[in-house]
Amino acid sequence: MMSFDMAQPSVIDYLKQLQQQGVSHVEIDDEAREILREFYRRGAASPKARKSTPSSAPAPSAPAPSASVTPPTETKISINGHSAAEKIDSLKEQCLTWVPTKALGTLRDKMVFSTGNPEADLMLIGEAPGYHEEKKQEPFVGPAGEKLNQIVKAMGLSRDEIYISNVCKFRPATKNQTMGSRKPSPDEMAANLPFLRAEIDVVKPKVIIALGGTAIEGLLEESKPVSQLRNAWHQFQGIPLRVTYHPSYLLRQSEGTSEKRMVWEDMLAAMEKLGLPVSEKQRRYFLPKE
Ligand code: URA
């Protein structure tokens, strides 16, 4: 059995070599998938690495790599450019050909990176693009995006003033896909997460809001329901993070239910943390009528 440390450079380099030869999709077996997963977990791809997995973790073995692999190189994201906008552009460019994402072979090709102000104080994070987002190559532009726009407007902000991104930068693929979507898997989110981490390093928001349980699962590797995580401040990369329901969840609720108010209370908490003005009228939004 080959240890993770022996195996991962060979697997990563082998995939890189295939990519250079023009191969865009490969089938990988469970062992190789586990090596890639462990690779992201250890944060080798992130400038701000996650903590190492304890050495007692089981060491996965590798399939025999090609005999002619190049010497090991680390797969790292570099943040290039001077302005925040240039740095985000450099991340976008690297994300397009990011080997760990491509190697999964389960995501579609068109990238949907982020939108908004790369120097914003407020960053909103969703799970992955859907049909509408892929078509426009912009996050949150379908029905969930319209709901999100209403929330942002109620806060007295516009999309251009905040930064909106997703954990996963590509639409998860399904068989015979038309307009349908599926949630990104933990592997898909882990493969993309180094970019979101780098975006946070660039944007340096004062507050992050995670939209929905899947985004939180990707960010914190927590599979607790939103109901248990909301209404409290968490931290992500040292930045205060609030959890709330996904806008598409609100779309599925009937009129008069309390979820709208819960989301609004999460937004009020974020506004207060950001030092934004909150009027008495805003404080009463979505309260049950007396
Ligand atoms: N849902 C998300 O989580 N992100 C999008 O960009 C669109 C819908």
Side-chain angles (χ1 to χ4, degrees), residues 88 91-92 95-96 98 101 106-118 120 122-153 157-174 177-193 195-197 199-200 203 205 207-227 229-230 234 236 241-253 259-260 262-263 266-267 270:
I88 295 295
L91 294 176
K92 279 185 195 170
C95 187
L96 267 174
W98 183 239
T101 305
T106 55
L107 293 167
R108 289 165 64 97
D109 285 336
K110 226 181 194 185
M111 183 179 71
V112 182
F113 200 81
S114 65
T115 189
N117 177 3
L122 177 62
M123 182 162 176
L124 305 186
I125 302 175
E127 52 186 61
Y131 169 82
H132 300 280
E133 288 74 25
E134 184 186 62
K135 211 163 161 207
K136 252 189 116 178
Q137 289 194 268
E138 184 177 335
F140 284 100
V141 290
E146 280 168 28
K147 181 52 80 187
L148 188 64
N149 290 349
Q150 289 171 8
I151 297 170
V152 171
K153 194 170 168 205
L157 296 168
S158 72
R159 271 173 86 96
D160 298 341
E161 290 174 280
I162 61 173
Y163 186 87
I164 306 176
S165 199
N166 280 309
V167 181
C168 186
K169 310 299 189 191
F170 300 84
R171 185 176 168 212
T174 61
Q177 195 157 18
T178 51
M179 284 177 76
S181 291
R182 68 167 170 85
K183 286 181 176 184
S185 69
D187 281 354
E188 290 164 344
M189 290 194 284
N192 283 261
L193 191 60
F195 285 95
L196 190 66
R197 286 180 168 277
E199 286 169 89
I200 293 169
V203 179
V207 169
I208 297 173
I209 299 178
L211 302 166
T214 308
I216 266 301
E217 216 177 308
L219 286 173
L220 306 180
E221 291 186 352
E222 279 263 17
S223 51
K224 285 193 190 142
V226 173
S227 58
L229 295 169
R230 62 171 293 279
H234 306 264
F236 189 73
L241 176 140
R242 202 87 184 171
V243 178
T244 197
Y245 293 104
H246 194 280
S248 63
Y249 176 72
L250 290 185
L251 290 174
R252 296 194 297 271
Q253 306 304 310
E259 281 77 6
K260 260 191 199 164
M262 287 192 243
V263 169
D266 297 328
M267 298 300 160

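Order of listing sets the numbers, starting from 1, for every ligand and every atom in it. Computed from heavy atoms alone, side chains included, the values below leave out hydrogens, waters and symmetry copies.
- Within ligand 1, counting atoms from 1 as listed, the ones closer than 4.0 Å to a heavy atom of G126 are 3 (O).
- When only non-hydrogen protein atoms are considered, atom 4 (N) of ligand 1 lies nearest to N166 OD1, 2.8 Å.
- Of the polar atoms of P129, none of the N or O atoms is found under 3.5 Å from an N or O of ligand 1, judged by distance alone.
- Sorted by first and then second residue, the salt bridge (charged side-chain N to carboxylate O under 4.0 Å, His left out) pairs involving residues 126-143 (not counting sequence neighbours) are R108-E134, E134-R171, E138-R159.
- H246 and F140 have tilted rings, their planes meeting at an angle from 30° to 60° on a 0 to 90° scale.
- Ligand 1 has no nitrogen or oxygen under 3.5 angstrom from a nitrogen or oxygen of E133.
- Not one N or O on the side chain of R230 forms a donor-acceptor pair closer than 3.5 Å with the backbone of D266.
- If you look at A128 next to ligand 1, the close heavy atoms, those under 4.0 Å, all belong to the backbone.
- There is a side-chain donor-acceptor pair under 3.5 Å between E199 and Y163.
- Proximity of H246 to ligand 1, defined as any heavy-atom pair under 4.0 Å, is confined to the side chain (atoms from C-beta onward).
- Remark: the T214 side chain and the E217 side chain contain no N/O donor-acceptor pair separated by less than 3.5 Å.
- The atoms of ligand 1 that sit less than 4.0 Å from any heavy atom of P139 are 6 (O).
- Side-chain contact between L196 and M123 is present, with at least one heavy-atom pair separated by less than 4.5 Å.
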